[in-house]
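Okay, so here's the structure we're looking at.
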Amino acid sequence: MPAVTVDNPLTLPRVAATADAVARPVLGVTTAPSGFEGEGFPVRRAFAGIHYRHLDPFIMMDQMGEVDYPAGAPKGTPWHPHRGFETVTYIIDGTFIHQDSNGGGGTITNGDTQWMTAGSGLLHIETPPESLVKSGGLFHGLQLWVNLPAKDKMKDPRYQDIRGGQVQLLTSPDGGALLRVIAGELDGHAGPGMTHTPITMIHATLAPGAEITLPWREDFNALAYVLAGRGSVGSDRRPIHLGQTAVFGDGGSLTVRADEKQDSNAPDLQVVLLGGQPIREPMAHYGPFVMNTREELQQAFDDFQKGRLGTIPAVHGMSEGGL
């Protein structure tokens, strides 16, 4: 798992919740079902079974892989439309190439994030590079969907390519955890991702036995999804492991702890921490469109069918370096 790291976390700024912060209780832990996406790459549906009131403004999240493809097996997605939300693709291992009908896109690899605001709509494709298809190799990442408020749903599409070296790196007081702030802020330390809806997205690595108690905005919700390893969440140490999501209740801090013993194939606890300010608007979601009303959803389908979201370029191959 080569997402951005450092040799000595104690050289980084240290963060911890204050002693008087109210601890967020764990409301529940769910297990992500497995499935397939696009042309057949394996995913875990991280938010399956969680009521939207606990997710808002997040819509869905898939853990892509972790899978070690043999030669000729890496897969992506075919051309598909989006409107009304943002896709956040975070690549931990491997390489993905993005392209859209507006000529945008690029290549992301170990530790990189592509933040695509679909807005008013576009056609989009995600594929592994030809070299990876030929050779095979490890692929692991996340795709998160973030809702847009009604006032922003029809904005022009926008890309943010966030390189791994741009993320804000922090640690716990004892240096037992590495915190990568991709978007939002933690204890005054801001990540590079620019968001329409206030959110925080952090990839945390906890060494065996390490514990973090982080300050968390009280007006945000709070979620923790385990990418690898095993540990516990909350002050009562609710067990959690690979493929599970913890939903936290109200409060000003959240706690995650890594078990003393980890599996040999996952030496550390890897967790994605998410929080956001709920939009609290009606949502109409079907397939690749997320709008506020059924009429807007129908309009999105009509616009797609009539080619108003763009057309697939006649020549759409890309080199590994992107556009």
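Position 1 is the first residue of the sequence; numbering continues from there.
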Checklist entry - Should Asp263 and Arg230 count as an ion pair when the cut-off is N to O under 4.0 Å? => result yes

Checklist entry - Among all residues two or more places apart in sequence or in another chain, which pass the ring-ring contact (aromatic ring centres under 6.0 Å, His included) test with Phe85? => result His82, Trp145

Item to check | Electrostatic pair Glu281-Lys153, nearest N-O below 4.0 angstrom | outcome: no

Checklist entry - Can you list the steps and then say if Ile162 with Trp115 is a side-chain contact (heavy atoms from CB on, under 4.5 Å)? => result CA-CA 8 Å; Ile162 302 169; Trp115 204 294; 4.3 Å; yes

Item to check | Minimum-distance pair of heavy atoms, taken over all atoms of Glu260 and Arg257 | outcome: OE2-NH2, 3.4 Å

Item to check | Gln143-Glu126 side chain donor-acceptor pair, cut-off 3.5 Å | outcome: yes

Checklist entry - If you measure only the distance, is there a donor-acceptor pair under 3.5 Å linking the side chains of His98 and Gln114? => result yes

Next on the checklist: Checking side-chain polar atoms at under 3.5 Å, does Arg180 have a donor or acceptor matched by the opposite partner on Thr205?
Outcome noted: yes

Checklist entry - Can you name the nearest heavy-atom pair linking Ser172 to Glu211, along with the distance? => result CB-O, 4.4 Å

Checklist outcome for this item: Under a side-chain separation threshold of 4.5 Å, the hydrophobic residues clustered together with Val29 are Val15, Val26, Leu170, Leu179, Val181, Leu186, Ile202, Leu206, Ile212, Leu214, Trp216, Phe220, Val226, Val233, Ile240, Phe248, Leu254, Val256, Leu269, Val271, Leu273

Checklist entry - Is there a donor-acceptor contact under 3.5 Å from the side chain of Asn221 to the main chain of Leu55? => result yes

Checklist entry - Got Thr89 and Thr113 here, is their nearest side-chain heavy-atom distance under 4.5 Å? => result no

Item to check | Where at least one partner belongs to residues 159-172, residue pairs that pass salt bridge (charged side-chain N to carboxylate O under 4.0 Å, His left out), sequence neighbours excluded | outcome: Asp112-Arg163

Checklist entry - With the threshold set at 4.0 Å, does a side-chain nitrogen-carboxylate oxygen contact exist between Asp219 and Arg217? => result yes

Checklist entry - Okay, side chain of Thr117, backbone of Gly119: is any donor-acceptor separation there less than 3.5 Å? => result no

Item to check | Donor-acceptor contact present, side-chain Asn110 to main-chain Gly94, <3.5 Å | outcome: yes

Checklist entry - Is it the case that more than 12 heavy atoms not belonging to Asp68 sit under 6.0 Å from its CG atom? => result yes

Item to check | Residue pair His203 / Gln270, side-chain donor-acceptor N/O under 3.5 Å | outcome: yes

Next on the checklist: Between Asp62 and Arg44, does any side-chain N to carboxylate O distance fall below 4.0 Å?
Outcome noted: no

Item to check | ILVMFWY cluster membership beyond Leu122 - transitive side-chain contacts under 4.5 angstrom | outcome: Met116, Tyr159

Checklist entry - Is a side-chain N or O of Asp100 found less than 3.5 angstrom from the main chain of Asn102, in a donor-acceptor match? => result yes

Next on the checklist: Under a 3.5 Å threshold, yes or no: a donor from one side chain and an acceptor from the other, between Thr255 and Thr213?
Outcome noted: yes

Item to check | Atom pair NE2 (His196) and CG (Asp152), whose distance is rounded to the nearest 0.5 Å | outcome: 5.5 Å

Item to check | Test log, rule side-chain contact (heavy atoms from CB on, under 4.5 Å), inputs Glu218 and Asp250 | outcome: CA-CA 7 Å; Glu218 293 189 6; Asp250 296 337; over 6 Å; no

Checklist entry - For Tyr225, what residues pass the ring-ring contact (aromatic ring centres under 6.0 Å, His included) criterion, not counting sequence neighbours? => result none

Checklist outcome for this item: Arg308 meets the salt bridge (charged side-chain N to carboxylate O under 4.0 Å, His left out) criterion, sequence neighbours left out, with Asp303

Checklist entry - Could you go step by step and tell me if Ile50 and Phe58 meet the side-chain contact (heavy atoms from CB on, under 4.5 Å) rule? => result CA-CA 11 Å; Ile50 300 175; Phe58 308 111; over 6 Å; no

Checklist entry - With distance as the sole test, does His140 use its side chain to make a donor-acceptor pair with the main-chain N or O of Val67 at under 3.5 Å? => result no

